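Basis for what follows: all heavy atoms, side chains included, without hydrogens, waters or symmetry-related copies. Only a predicted model underlies this, so the values are computations on that prediction, with no experimental measurement involved.
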Amino acid sequence: MANKEKRALITGGAGFIGNHLARSLLGQGYHVTVIDDLSTGLFANVADMESDPNFRLYVDTIRNESLMEKLMEESYYVYHLASAVGVRLIMERPVYTIDNIYQGTEIVLRFARRYRNRVLITSTSEVYGKSDKIPFVEDGDRLEGSTTRHRWAYACAKALDEFLAMAHWKETRLPVTIVRLFNTVGPRQRSQYGMVLPRFVSWALAGETIQVHGDGQQSRCFGHVYDVIDGLVGLMESEASAGQVFNLGSDEEISIGGLAQRVIERLDSDSKVRHIPYEEVYGEGFEDMQRRVPSIAKVKATIGWQPQRDLNVIIDDIAAYLREARGEIV
């Protein structure tokens, strides 16, 4: 068996971020194992890696405890990415969302404690809730919505993940790092789970109407998946990051209405923009965050990371991928 410290397990590794992470680690000489139930991930994302002798894929749920124990005993690094994906899925299947997030993380941390794995858990900017203290800092207060609004189930489940991870750090110094991601985007991202930028780019390439939810004044920051992967690997390999929470993403803020216009202009599209009430998309009582902007000072100070690709590069890369997938000449 190869040096255990060069063996990585990625839960949810057939998903958007996971497959890019797997490729990066393979390129750095790691032996990579992926477990994914393909509920939102795609076999196509990892199919070409199966010929690599340093890559293994298990199509199974992380709630298969006997399999997870085996895989974690064999591994050193554990990147826990498996989770419910997208606002639409969260609104439509809240029970699945809560069960899948918390139970999966509890299993990962329980076996990590037994085998002393180095663990990185991907959390989300959603945990900041409706806070208006911009930019968001890792030790800042959170402001969640009512438990009667399913919108906040994802945020609360991920926050519970964080509490559990930090409890393991406190009790046994389990080396775990929490990373709050802010709208990671790029090639191979699927739009069907509510991912706004690939939807906008797809509509713009087809000349179709771009649908903006609400008044379009809500703002977000979009980080390129390649930059985010560099940050994840850097934080995992940093001893100083253990027991810490980090924001990871771009701090280049843009309104969603402005994003639609940027995509249209960047791709020289004839698409128009239509605003759709939230209630029409998600039902009555939906709440959204007005601004979601991270402070990335902590990750920069810890591992020297900062984004290398701006929004224009992100739009271009997504468009190039979609054109190639459609068989167009780029």
- prompt: Do the rings of Phe16 and His20 sit parallel, tilted or perpendicular, given the 30° and 60° boundaries?
  reply: perpendicular
- request: Please work out whether the ring planes of Tyr128 and Phe136 are parallel, tilted or perpendicular, with thresholds of 30° and 60°.
  value: parallel
- line: Applying side chain to side chain donor-acceptor pair (under 3.5 Å) to Glu50 and not counting sequence neighbours gives none
So, [X] and [Y]: side-chain donor and acceptor under 3.5 Å apart, yes or no?
X      : Y      : result
His275 : Asp215 : no
Thr177 : Arg118 : yes
Gln244 : Lys298 : yes
His80  : Thr122 : no
Arg56  : Tyr58  : yes
Tyr226 : Gln308 : no

query: Is there a donor-acceptor pair under 3.5 Å between the side chain of Gln306 and the backbone N or O of Ala297?
result: no
- prompt: Can any side-chain N or O of Ser295 pair as donor or acceptor with the backbone N or O of Val137 at less than 3.5 Å?
  reply: no
- prompt: Does the distance from a Lys or Arg side-chain N to an Asp or Glu carboxylate O, for Arg292 and Glu126, drop under 4.0 Å?
  reply: yes
message: Does this structure show an ion pair linking Arg199 with Glu208, if we count only N-O contacts that are shorter than 4.0 Å?
response: no
- request: Sort out for me which residue in Asp60, Val78, Ile107, Thr61 forms a side chain to side chain contact (heavy atoms under 4.5 Å, CB included) with Met68.
  value: Ile107
- prompt: Given the rule that I, L, V, M, F, W and Y join up when any side-chain heavy atoms are under 4.5 Å apart, are Ile134 and Phe246 in one cluster?
  reply: no
task: Would you check if Arg116 and Pro175 make a side-chain contact, meaning some heavy-atom pair closer than 4.5 Å?
output: yes
message: The criterion is salt bridge (charged side-chain N to carboxylate O under 4.0 Å, His left out); which residues satisfy it with Arg180, sequence neighbours excluded?
response: Glu162
- request: Would you indicate whether Lys272, at its atom NZ, is surrounded by more than 12 heavy atoms from other residues, nucleotides or ligands within a distance under 6.0 Å?
  value: no
